[in-house]
Amino acid sequence: MWQRIGERVLAFLPSLTMANAAQQSGFGRRGTVQKWSRTFIPTTREAPADAEVPSHIMLHRAGYIRAVGAGIYDYLPLAHRVLEKVKGIIREELEAAGAVEMLMPALEPFELFNETKRDETYGDNLFRLKDRKGRMNALAPTHEEVITSLLKGAVNSYAQLPLNLYQIQTKFRDEARPRAGLLRCREFLMKDAYSFHSTVEGKGGLNEAYDAMFAAYSNIFKRCGLDYLAVEAESGPIGGSASHEFMVRCASGEDTVLRCPVSGYAANVEKCEIGERAKGTFNEAPSGELTEVHTPNLPGIEEVGKVMKVKPDRMLKTIVFANKGEGGPKWVVAVVRGDHEVNEGKVKSLAGVSAIELAPVEEAKKAGFAVGYVSPRVINTVQGVVLLVDSDASGGGFWASGADKIDHHVKHFNWRREVGAALDDASKVKVGDVRNAVVGDPSPRAAGAKLEAEKGIEVGHIFKLGTKYSAAMGLQVLNSDQQRIPVIMGCYGIGVSRTMAACVEMSHDQDGIIWPWAIAPYHVQVTVMKHDDAAQLAAADQVCAALRDAGLDVLVDDRDERPGVKFKDADLVGLPVRITIGDKALAEGCVEFKTRKGGGKGDLVKLADVVTKVMSVAQ
RNA sequence: CAGGGUGUAGCUCAGCUUGGUAGAGCGCUUGGUUUGGGUCCAAGAGGCCGCAGGUUCAAAUCCUGUCACCCUGACCA
């Protein structure tokens, strides 16, 4: 057993694609032959009314999944086979990257989450349940706490590191709104890995593992046949420093990423940097006299703009944040153009503070902010404010702004006239990037290039966690200098069930799913035209046996159904190759060969050449 | 959490306004027919009309409550 695994890993080292081809062409692997009549593939002509996205509709109609409750699904045999194939690829690549598989419980005591405060930060998304003794438990959304506490009792020395442990397991999240079939579930299949290090740099350090995992993820998604993009990302509530998301590219994706067509730089909206933009001098001439306008009961920029007859891109949006970090100003006030969105991460870094939150309304009012009607003038009227002005909001010309007075806005706001000398004090006013990037913004990595938007589905996410969890939970090791140091961690996730759905989103047509070779539940569908014809059955047996011996997985449609039904179902199920056994071709010693992707009529292939022909399209 | 919508046969849905014995298509069973892209004909089986109260001689239909599910938003490794 060990030897076999060893061989396989070795086989991957020289060239992953070669090894992949060998595995897929069946080298050293026995294939499967499954009769349709003896498995469970409940195809339907119509999808349930609540299925809206293509992957949900197709996976339901083709008999892969069934809904059990909101965001909870059965994985029927076909889906199970796809998941197993994805898991197989994940295992091979992770083992090659030095990770080791284990299994942790989905159920865990709630107290585990107290130390890291994730009971609060994860909030309602954490599934809680009470046991018979009245103790609180959680259904794990991820396993940082469990694995950190595990290592705490077992790892004491830097010599025991690095370590990279992973599992493939069911995860639970009490989503505010499960939706889109398998794409956003309350219970789903996830691969999560955690790495542990005594250093960041160098051999055995976090960066080395992170890079190895990045490469492994790239291999995994490539081998799965997915069109994907690795993008820079915010690390979110899980915390940490660096992070990348792996997105399957498809128009129906929920997430937007921005991409520079010249440099290849890609990042999600929260993270995306913006290239150099023109800034104002703050000395431009006023566009007119400052005029107050009565604007009561208007909920947003759009509505205010309509009443004032000003387009949002000529309005200043002024947002008040409270500094939650150590030291620094009490308030951080960010100003962006009305049609832009403030980016908290960028506000934080430009202000040079470690944590901010949207100012609590009551506190802000008490401090003197006319919440909802704030203007940049607060720099002169409220104590402890640092003002951050987005480059695009720093120019001259006409501006509308809040009036620092409830129910009022002003027209012809002019930076110099309204704000004055404070503009020249770099400790009070900073101009830079504090907003989300949008399509058409200058690329941060290539002069003259403009950012483009792409839609995608997040299927993988890797993080450099640092010491967030080890520090909070006291996981330390002794280093070579006899000092106790918190362990440095990374964590790495792949949504396995989501990957299956994302693949369908990416690869389907009107008739059904089109599986990539590597994760198709079976490679070949053999359709027997007459289920009770001895000659056809004999030919089917021969073809199936040959394919199986070549290491291929075969689904043979032996049902007593009309040809039309079988063909429709074959398209729906979406196996890469369909071989049809019928009288006409058989009379010439042939079968019909057709790829799901290629469509068309199909070629006649001699019985003896079937395996070769199928192999020729394996990819 | 806010706003909207839907619960009737395995699936898609009609019936509800105006209360009076539960409907269609697909699927399923049986028989026949047909046999290369969801055949055709006939006969069947199948429903606590989400659940609980109420109004009424009588409730799928009206009223109240409740639960579930879906959509938009908020939220979201």
Side-chain angles (χ1 to χ4, degrees), chain A residues 42-53 56-57 60-63 66-72 118 121-126 140-145 171-181 183-186 188 190-194 233-240 243-247 254-255 268-270 299-300 358 457-465 468-469 490-496 498 510-512 527-533 536 557 559-572 578 580-586 591-592 594 599-602:
Chain A
T43 60
T44 62
R45 205 184 285 243
E46 284 176 287
D50 53 33
E52 295 204 331
V53 297
H56 190 187
I57 294 170
H60 180 100
R61 287 193 54 210
R66 284 294 184 269
V68 176
I72 313 172
R118 279 217 301 170
T121 53
Y122 229 90
D124 291 336
N125 268 12
L126 189 61
T142 62
H143 278 75
E144 284 80 2
E145 287 84 358
K171 292 283 190 282
F172 298 88
R173 292 192 193 171
D174 196 355
E175 289 287 348
R177 186 146 90 82
R179 69 180 111 184
L183 291 175
R184 172 149 256 110
C185 283
R186 294 197 294 169
F188 58 97
M190 172 169 163
K191 185 285 301 176
D192 49 326
Y194 307 90
E234 282 293 333
S235 44
I238 212 160
S243 173
H244 284 86
E245 288 174 348
F246 289 79
M247 318 280 298
E254 273 190 320
D255 297 321
N268 70 16
V269 171
E270 288 75 40
L358 208 54
I457 299 167
E458 179 190 351
V459 290
H461 203 155
I462 59 178
F463 304 82
K464 292 182 186 175
L465 283 179
K468 178 180 161 119
Y469 291 90
C491 80
Y492 318 89
I494 291 179
V496 179
R498 183 187 271 185
Q510 282 193 323
D511 295 320
T527 300
V528 184
M529 296 307 298
K530 293 180 183 164
H531 75 288
D532 52 359
D533 180 287
Q536 289 189 12
D557 190 347
R559 294 176 300 168
D560 177 12
E561 285 289 354
R562 294 176 54 81
V565 173
K566 293 190 177 194
F567 291 144
K568 285 287 184 192
D569 276 350
D571 287 345
L572 209 46
R578 189 181 87 201
T580 308
I581 298 180
D583 285 336
K584 278 180 240 162
L586 213 49
V591 296
E592 281 168 61
K594 192 168 178 292
K601 271 286 295 176

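What you see is a predicted model; the values in this text were computed from it and never measured. Chain naming here is simple, since letters A, B, ... match the order of the sequence lines and numbering starts at 1 in each.
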Practice task
Give the nucleotide from the list G38(B), A74(B), C13(B) with an atom nearest to the side chain of Val565(A).
Solution key: G38(B)

Fill in the blank from the handout: Its contact letters, B for base, S for sugar-phosphate only and - for none at protein heavy atoms under 4.0 Å, make nucleotides 22-34 of chain B read ---BSS------B

Handout entry: Distance, rounded to the nearest Å, where Asp174(A) contributes CG and C1(B) contributes C1'
Key = 13 Å

Problem - Residue Lys568(A), side-chain heavy atoms: nucleotide from C11(B), C69(B), G37(B) that is nearest - result: G37(B)

Exercise for the section: To the nearest 0.5 Å, tell me how far Asp583(A) CG sits from Met529(A) CE. Expected result: 9.0 Å

Exercise for the section: Describe the nucleic acid contact of Glu52(A) in one word from base, sugar-phosphate, nothing, applying a heavy-atom distance below 4.0 Å. Expected result: sugar-phosphate

Practice task
Please report the shortest heavy-atom distance between Glu458(A) and Glu245(A), naming the atom on each side.
Solution key: OE1-OE2, 3.8 Å

Practice task
Under the side chain to side chain contact (heavy atoms under 4.5 Å, CB included) rule, collect the residues that match up with Arg177(A), sequence neighbours excluded.
Solution key: Arg179(A)

Problem - Sugar-phosphate only, base, or nothing, as touched by Tyr492(A) at under 4.0 Å among non-hydrogen atoms - result: nothing

Exercise for the section: Answer with base, sugar-phosphate or nothing: what part of the nucleic acid does Arg578(A) contact at a heavy-atom distance below 4.0 Å? Expected result: base

Problem - Contact under 4.0 Å: Arg177(A) side-chain N or O vs A74(B) OP1/OP2 - result: no

Exercise for the section: Check whether the side chain of Asp571(A) and the base of G37(B) form a donor-acceptor pair under 3.5 Å. Expected result: yes

Practice task
Classify the nucleic acid contact of Arg498(A) as base, sugar-phosphate or nothing, counting any heavy atom under 4.0 Å across all strands shown.
Solution key: nothing

Practice task
Give the rounded distance in Å between these two atoms: NE2 of His56(A) and P of C11(B).
Solution key: 13 Å

